[in-house]
Amino acid sequence: MSAPDFQTPAHSIQFLSQCIDQTVVLRGWVANKREGKGIVFILLRDGTGFCQCVVSSGSSNDAFLEIAQSVSLETALVIKGLVRADEKQMGGLEIQVNQIDIVGESDNYPIAKKEHGIEFLMDQRHLWLRSSRQWAIMRIRNTIIFSIHEYFQQAGFVQMDAPVFTSNACEGTSTLFETEFYGEQAFLSQSGQLYGEAMAMAMGKIYTFGPTFRAEKSKTRRHLSEFWMIEPEMAFCDIFQNMNCIESFLHFVVKKVLLNCKTELESIGRDTKILESSLGGFPRMTYDQAVRIIKGEENVEGINSIESLQNELSSTTLKLQSIQEEIAVRERNLAQPGLKKGEIAFHQGKIVQLKQDKNDTEENLRNIPQWIDSAKNFTYGSDFGGSDETVLTRLFDRPVMVYDWPHEIKAFYLKRNPEDSRFARGVDVLAPEGYGEIVGGGERETDAQLLSEKIHAHNLPMESFGWYLDLRRYGSVPHAGFGLGLERLVTWVCKLKHVRESIPFPRMYGRLTP
RNA sequence: UCCUUGAUAGCUCAGCUGGUUAGAGCAAUUGACUGUUAAUCAAUAGGUCGUUGGUUCGAGCCCAACUCAGGGAGCCA
């Protein structure tokens, strides 16, 4: 055994394909290990990728083989070896190891090489982040963050951030986290948008990028208590220019992910068809039209929302039946005598999977009728619920933009449609595949009088908005912007089941650690 | 806050209508095997059935309350 080598610059697994037939040094952790007599296969991960390293008596001396046999999951290693092309392997290559040294041992790593429940994994989030799926998601998240900056910086926006401590509930709707600021009551920011408006009047085009807090005790797959939001704001901009900006911005980000994250998308099994079709123009519709579609009064390319839901309901019922039949068949197979251990394990594994499927399907069967109900009985004038968004977006293969909302249900600062004052010039972008709202924005009200009235009507403390009204007194211009929920975008791009997988350490109702 | 589903070994789950000593796979430990892809095979060890109370000759299973978690509603990016 030698001292671990920290001096030689290590190679990144990411770029190993450029080092075929060369000797390289890798530093990383054991992601998996399999062994036979006189041969050990170590799947090494170094943060940039995964690579199989083979230690055998042929390529390495016995002392190193013994070390390789002794390593356990997540042992930290320095490995020196020869890069060999091998089509069968992940990344098309593997390492013939000449030298292996342990840097840090790892006994009884809690996350096993099998499926785990979500609660257990969340308790182990600090370790779960090491697994390949989480690795891929975080790499995609990183690409999204970087391309967001790239897009806005290239387009001449200046990043200027809003404060996290605020003195008031700026929109007066959501529940805020209360805290204390030198003896004064303060809240954690739920949006930097009002500040964004002030900064846009100083810079022309700005964007904020920071954490945002919502204290609703919400327990759904699309909600987090703490999340990251990007809020661009543009002076001299109306709602239609705003929608153009949203569209070209999302195109840019999705294109970058498709281009730079092929491995990652593949490793999480993301079908990229919808991402590709999302590079086309987004359908734009008014609230009125969207309501007609939800209620089934207007079809989208011949498809009726209610009918398609009912079809889904009957196909889900059939699916449940076939799952139950398959479970029964497998259980009968299991009951036969003289099965090999491997066969038993195989059938049991399938049954566990099928039962999971069955639970999900039953969940859908409970939910879909409620959605049909809520779509049919949608009351004109109210906001869309999660199910209404699902009903609408499943008819499209790309994000949908809904604008001109009844002003009563939208924030006070949104501009009225000058041609029809019942509507406010807000826009929501709804992601396809059931993911719902990823962007909310709109053109801002410039009429100081109307704004004051709205602030009164919403029972908001006028004294907190003096500075905001100043923006309308000194060189007021048409302006617009939007807020993008980073995690919701990541969740949709990766097609995750739950938004909590899209952030390294999620904070939500009932979850403050790790 | 409301509706709904659940809590059994370190993990994932069985456990039928209440009935002897609560089971399996994975992980762990020991051994076998020179090309494995969640490797395989053999053996060992591993449990106060979420908590409290109740019904019963007898409770993992029935009842009540509570705690925690999944999903949904509301609210929201």
Side-chain angles (χ1 to χ4, degrees), chain A residues 31-43 50 52 54-59 65 72-73 86 88-90 94 107-124 171 173-175 190-191 193 212-231 331 334 340-342 344-349 351-353 355-356 359-360 362-364 366-368 370-371 373-374 382-387 389-390 409 411 428-431 435-441 482-492 497-499 509-511:
Chain A
N32 199 359
K33 182 181 94 167
R34 292 173 285 269
E35 57 185 312
K37 188 179 171 76
I39 188 163
V40 180
F41 303 95
I42 290 171
L43 185 66
F50 294 78
Q52 173 158 283
V54 186
V55 190
S56 66
S57 32
S59 68
L65 186 62
S72 49
L73 284 187
D86 184 344
K88 278 185 299 182
Q89 301 309 325
M90 192 191 294
E94 68 175 16
D107 285 335
N108 288 319
Y109 186 66
I111 301 179
K113 297 185 286 185
K114 59 165 299 194
E115 269 197 59
H116 292 278
I118 187 70
E119 192 188 352
F120 172 78
L121 288 171
M122 267 305 159
D123 286 338
Q124 307 293 333
E171 298 181 29
T173 49
S174 4
T175 326
Q190 58 153 349
S191 161
Q193 189 239 307
T212 303
F213 307 88
R214 303 282 162 89
E216 285 102 8
K217 288 182 181 172
S218 183
K219 292 177 67 170
T220 65
R221 55 182 78 193
R222 40 166 73 106
H223 187 91
L224 285 172
S225 304
E226 177 186 296
F227 62 96
W228 289 74
M229 189 149 71
I230 297 90
E231 294 181 281
E331 276 174 349
L334 264 184
K340 276 196 189 161
K341 210 173 160 187
I344 294 173
F346 177 75
H347 285 302
Q348 279 177 341
I351 288 174
V352 166
Q353 229 174 59
K355 289 201 171 167
Q356 195 64 52
N359 284 344
D360 290 351
E362 282 171 345
E363 192 101 46
N364 284 338
R366 279 194 295 270
N367 288 335
I368 295 174
Q370 290 176 24
W371 295 353
D373 230 45
S374 124
S382 53
D383 206 349
F384 294 170
S387 72
E389 290 176 358
T390 309
I409 56 169
D428 281 4
V429 178
L430 309 175
Y435 283 94
E437 189 176 355
I438 51 172
V439 170
F482 60 93
L484 169 99
L486 174 67
E487 284 76 16
R488 284 206 182 160
L489 179 62
V490 174
T491 304
W492 167 57
K497 221 177 147 188
H498 200 298
V499 71
Y509 184 56
R511 171 65 61 186

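Naming convention: chains lettered A, B, ... in sequence-line order (proteins, then strands); numbering from 1 in each chain.
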Please list, for nucleotides 9-11 of chain B, all pairs of protein and nucleotide N/O atoms separated by less than 3.5 Å.
| unit_1 | atom_1 | unit_2 | atom_2 | d |
| --- | --- | --- | --- | --- |
| B/rC11 | O2' | A/H116 | ND1 | 2.4 |
| B/rC11 | O2 | A/K114 | NZ | 3.2 |

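- Qualifying side chain to side chain contact (heavy atoms under 4.5 Å, CB included) partners for A/E226, counting only residues two or more places apart in sequence or in other chains: A/F213, A/R507.
- Relative to the side chain of A/I39, the nucleotides B/rU36, B/rA73, B/rU34 differ in distance, and B/rU34 lies closest.
- More than 12 heavy-atom neighbours from other residues, nucleotides or ligands sit within 6.0 angstrom of CZ on A/F120.
- A donor-acceptor contact under 3.5 angstrom links the side-chain atoms of A/R488 to the base of B/rC76.
- Computed from coordinates, the A/R214 CZ to B/rA77 C1' distance equals 6 Å when rounded to whole Å.
- Comparing the P positions of B/rU44 and B/rU37 gives an interatomic distance of 26 Å, to the nearest angstrom.
- Counting only heavy atoms from C-beta outward, the side chains of A/L484 and A/L489 approach each other to under 4.5 Å.
- For the pair A/I111 CD1 and B/rA38 P, the computed distance is 18 Å after rounding to whole Å.
- Closest contact between the side chain of A/E94 and the listed nucleotides B/rU36, B/rG72, B/rC76 involves B/rU36.
- Heavy atoms of A/D373 sit nowhere under 4.0 angstrom from any nucleic acid atom.
- A gap of 22 Å separates the C1' atoms of B/rU48 and B/rU12, to the nearest Å.
- Rounded to whole angstrom, the span from the NZ atom of A/K217 across to the P atom of B/rA69 amounts to 12 Å.
- Taking atom P in both B/rG46 and B/rG23, the straight-line distance is 13 Å, to the nearest Å.
- Side-chain proximity of A/W371 to the nucleotides B/rA77, B/rG72, B/rG70 is greatest for B/rG72.
- In terms of modelled atom types and a separation under 3.5 Å, the side chain of A/R222 and the main chain of A/V499 share no donor-acceptor contact.
- Within 4.0 Å (heavy atoms only), A/G436 reaches no atom of the nucleic acid at all.
- Two residues, A/Y509 and A/E389, neighbour RNA chain B, and the one matched to the more 5' nucleotide by heavy-atom proximity is A/Y509.
- Taking 4.0 angstrom as the limit, A/R34 places a side-chain polar atom (N or O) nearer than this to OP1 or OP2 of B/rA39.
- As a whole-Å value, the separation of A/H223 NE2 from B/rC76 P is 11 Å.
- B/rG74 and B/rA38 have their P atoms separated by 41 Å, with the value rounded to a whole Å.
- Spacing of P atoms, B/rG15 relative to B/rG54, comes out at 29 Å, to the nearest Å.
- By the salt bridge (charged side-chain N to carboxylate O under 4.0 Å, His left out) test, A/D123 is found to be paired with A/R511, residues two or more places apart in sequence or in another chain being considered.
- Distances shown here put a side-chain N or O of A/K219 below 4.0 Å from the OP1 or OP2 atom of B/rG70.
- Residues A/S191 and A/M229 form a side-chain contact, since some pair of their non-hydrogen atoms from C-beta on lies under 4.5 Å apart.
- Centre separation under 5.5 Å together with a plane angle under 30° holds for the ring of A/F227 and the six-membered base ring of B/rA77, marking them as stacked.
- Rounded to a whole angstrom, the distance from the C1' atom of B/rU1 to that of B/rC75 is 12 Å.
- Taking every side-chain heavy atom of A/Q52 into account, B/rU37 is the closest of B/rU37, B/rC76, B/rG74.
- Residues passing the side chain to side chain contact (heavy atoms under 4.5 Å, CB included) test with A/L65 are A/V40, A/V55, A/S57, A/Q69, sequence neighbours excluded.
- The phosphate of B/rG72 (OP1 or OP2) has a side-chain N or O of A/R221 nearer than 4.0 angstrom.
- The gap from the C1' atom of B/rG71 to that of B/rU30 amounts to 44 Å, rounded to the nearest Å.
- In terms of the salt bridge (charged side-chain N to carboxylate O under 4.0 Å, His left out) criterion, A/E231 has no residue partners (sequence neighbours excluded).
- Applying the 3.5 Å distance criterion, the base of B/rG6 shares no donor-acceptor pair with the side chain of A/E119.
- Between A/H223 and A/H498 there is no side-chain heavy-atom pair separated by less than 4.5 Å.
- Note that CD1 of A/I368 and OG of A/S387 are 11.5 Å apart. Values are rounded to the nearest 0.5 Å.
- Nearest-nucleotide mapping onto RNA chain B: of A/L121 and A/R511, the residue sitting toward the 5' end is A/L121.
- Under 4.0 angstrom from either OP1 or OP2 of B/rU36 there lies no side-chain N or O belonging to A/N32.
- A/R214 places a side-chain heavy atom less than 4.5 Å from the side chain of A/F227.
- Using P as the reference atom, B/rC49 and B/rC61 are 10 Å apart when rounded to the nearest Å.
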Worksheet item: Can you give the dot-bracket line for RNA chain B, where a pair is Watson-Crick or G-U wobble with both atom distances under 3.5 Å, crossing pairs use [ ], and | marks a partner on another strand?
Response: (((((((..((((.....[...)))).(((((.......))))).....(((((..]....))))))))))))....
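- Under the 3.5 Å distance criterion, the side-chain polar atoms of A/E487 are matched with a main-chain donor or acceptor of A/W228.
- Using a 4.0 Å heavy-atom distance criterion, A/T212 is classed as making no nucleic acid contact.
- At the heavy-atom level, A/L43 lies nowhere under 4.0 Å from the strands shown.
- Side-chain N/O atoms of A/S218 and base N/O atoms of B/rG74 include a donor-acceptor pair closer than 3.5 Å.
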